[in-house]
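Below, each value reflects all heavy atoms present in this structure, side chains not excepted, and no hydrogens, waters or symmetry copies. Every chain is numbered from 1 and lettered A, B, ... according to where its sequence line falls, protein lines coming before strand lines.
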Number of protein chains: 2
Amino acid sequence: MSDEQDGLDLDESGPGRVTVSAAAGRRTPRGTLSRQVLLDSAREIVDIGGVTALSMRALGARLGVDPTAIYRHFQNKNELLDALADLMIRGEGGLPATGDPVADLRESLRQLRRQLLRYPTLAPSVLRQPPGTGSWWDRMEQAVGALRAGGRSEAEAAAVWQTLLFFVVGHALVEARHLAENLATDRVGAPMPTVNPPRSRYPELAAAAPFLHADLDDQFETGLDSILGSR
Amino acid sequence: MSDEQDGLDLDESGPGRVTVSAAAGRRTPRGTLSRQVLLDSAREIVDIGGVTALSMRALGARLGVDPTAIYRHFQNKNELLDALADLMIRGEGGLPATGDPVADLRESLRQLRRQLLRYPTLAPSVLRQPPGTGSWWDRMEQAVGALRAGGRSEAEAAAVWQTLLFFVVGHALVEARHLAENLATDRVGAPMPTVNPPRSRYPELAAAAPFLHADLDDQFETGLDSILGSR
DNA sequence: ACCTGAACACCGTTCAAGT
DNA sequence: ACCTGAACACCGTTCAAGT
């Protein structure tokens with residue numbers, strides 16, 4: 001177990017830094033570099049070492065290409081990160097469409113959560129794409145439709161959608177931290193460490209503490225219930 | 001107006017980088033460095049240039065001290081950022097206590113929101129302090145108490161608290177972006193740019209779009225309503 | 001005890017030069 | 001047209017040395 005503080009990105013930092021380079025030997029021949037190839041490699045790097053392992057230099061090294069060649073395809077690193085966030089927001093395999101709008105909405109949010117848990121260190125980039133961005137349109141159209149069908153006004157539907165979004169991303173961030181800590185301490189699947197405030201000063205909190213870190217799948221569904229009002 | 005992409009931290013980056021140093025001339029005499037002094041200066045730097053302007057070197061320069069002297073008081077930069085986040089979470093001037101638990105809870109969340117809007121680039125650090133951390137205890141005790149008083153079970157109270165937390169932080173992040181964009185384009189106080197999806201493919205979204213960027217104060221209250229169920 | 005200064009191993013990005 | 005390589009202006013952090 002290391003004594004270093006993880007960043008929001010859950011990456012190793014400092015001396016024990018995770019480095020991902022792999023194919024430093026082979027050279028990618030001319031003309032093969034493209035947004036697609038770069039995004040694939042970038043996602044691999046993030047998959048292995050988290051977003052802090054993704055540097056222009058590391059990405060270049062992985063593809064056997066000079067780091068500065070990347071700037072032919074992305075204006076800067078931020079644009080690359082936004083493109084990765086876009087992939088997560090759009091998802092793979094399309095949105096659920098069973099015919100039940102509310103069920104589809106819930107499943108869409110579960111899908112988003114799964115994506116976020118697979119690439120937890122990209123969550124900040126995802127949260128940076130404002131809710132009105134094109135990447136969100138498909139998911140949002142579905143959500144607003146479901147909420148309107150449930151009898152909500154357009155104004156209410158818009159507000160509830162934003163609330164749902166923040167909840168899903170925030171929840172995934174906390175769960176990702178939990179997973180990372182248990183991986184680090186070899187206690188995968190262990191329950192979350194219980195909050196332990198002094199009962200004398202924090203009676204209410206102490207009583208609620210055991211429930212704070214209940215099963216996170218259940219908690220996610222409960223959260224959806226409380227926002228969607230189907231409690 | 002610049003064409004560069006802002007980070008989550010809303011800072012300038014790249015060539016037009018914001019730098020904050022000021023007192024590069026005077027030297028702080030020996031023995032005057034402390035966590036308190038460092039935190040105050042760090043907050044000033046973040047206030048002026050955002051969190052990306054805060055480097056160990058910049059902080060040292062501002063205090064007329066070698067950057068590495070900081071490591072006497074904070075193990076590393078992460079610990080310094082956590083301490084700054086702590087200040088935001090705890091707030092200044094104490095929690096509201098009018099006697100009405102639900103009103104106090106709402107006011108406490110508004111207080112947190114105001115803090116986040118004053119130092120928006122610290123929001124990621126705030127979100128990184130897990131909900132069970134000591135910094136949250138006072139606010140959480142109050143929240144859980146109010147929710148229990150409102151008739152909720154301990155499990156429900158814990159879940160609703162987390163939902164509220166994610167909502168407040170996420171909402172502040174979006175609003176901070178909005179403020180930063182309007183500052184950059186000299187349109188302070190202007191309404192948010194309307195989402196404009198093609199109406200043919202996104203009929204529901206197009207109809208709800210005008211409400212998506214309604215007054216953010218109202219939207220915040222509406223969001224609280226929808227989570228707290230007093231709709 | 002507390003701070004300095006050089007050093008190490010990194011960054012993102014620009015720009016002239018090569019093929 | 002596309003990629004390279006040197007260069008610039010930065011990082012966080014360590015460690016031996018100074019006061």
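- Nearest to the side chain of Y71(B), among dG12(D), dG12(C), dT4(D), sits dG12(D).
- In this structure, of dG5(C), dT13(D), dT13(C), it is dG5(C) that holds the atom nearest to the side chain of D66(B).
- Here the C1' atom of nucleotide dG12(C) and the CD atom of Q75(A) are 14 Å apart, to the nearest Å.
- Between the side chain of T68(B) and the base of dG5(C), a donor-acceptor pair under 3.5 Å is found.
- Of the residues near DNA chain D, R57(A) and A69(A), the one whose nearest nucleotide (by heavy atom distance) lies more toward the 5' end is A69(A).
- Searching all strands for a Watson-Crick or G-U wobble partner of dC3(D) with both distances below 3.5 Å returns nothing.
- The distance between atom CG of L38(A) and atom P of dC2(D), rounded to the nearest whole Å, is 13 Å.
- In this structure, M56(A) atom CE and dA6(D) atom C1' are separated by 18 Å, rounded to whole Å.
- OP1 or OP2 of dC11(C) has at least one side-chain nitrogen or oxygen of S55(A) nearer than 4.0 Å.
- Rounded to the nearest Å, the gap between the P atom of dC10(C) and that of dA9(D) is 22 Å.
- When N76(A), D66(A), I70(A) are each tested for a side chain to side chain contact (heavy atoms under 4.5 Å, CB included) with M56(A), only one passes: I70(A).
- Within the 3.5 Å criterion, the main-chain N or O of P198(B) finds no donor-acceptor partner in the side chain of W137(A).
- At a threshold of 4.5 Å between non-hydrogen side-chain atoms, the residues R128(B) and N78(B) count as touching.
- Pair assignment for dG12(D): dC8(C), on the basis of Watson-Crick or G-U wobble contacts that are both within less than 3.5 Å.
- If you measure from atom CG of L54(A) to atom P of dC11(C), you get 10 Å, rounded to the nearest angstrom.
- In this structure, I70(A) places its CD1 atom 18 Å from C1' of dA1(D), rounding to the nearest Å.
- Atoms CG and OG, on L95(B) and S108(B) in that order, are 5.0 Å from each other to the nearest 0.5 Å.
- Within a 6.0 Å sphere centred on CZ of R114(B), other residues, nucleotides and ligands contribute more than 12 heavy atoms.
- Put simply, CG on L59(A) is 12 Å from P on dT4(D), counting in whole angstrom units.
- Summarising the geometry, the separation between CG on L80(B) and C1' on dG12(D) is reported as 12 Å, rounded to the nearest angstrom.
- In this structure, N76(B) places its CG atom 13 Å from C1' of dT14(D), rounding to the nearest Å.
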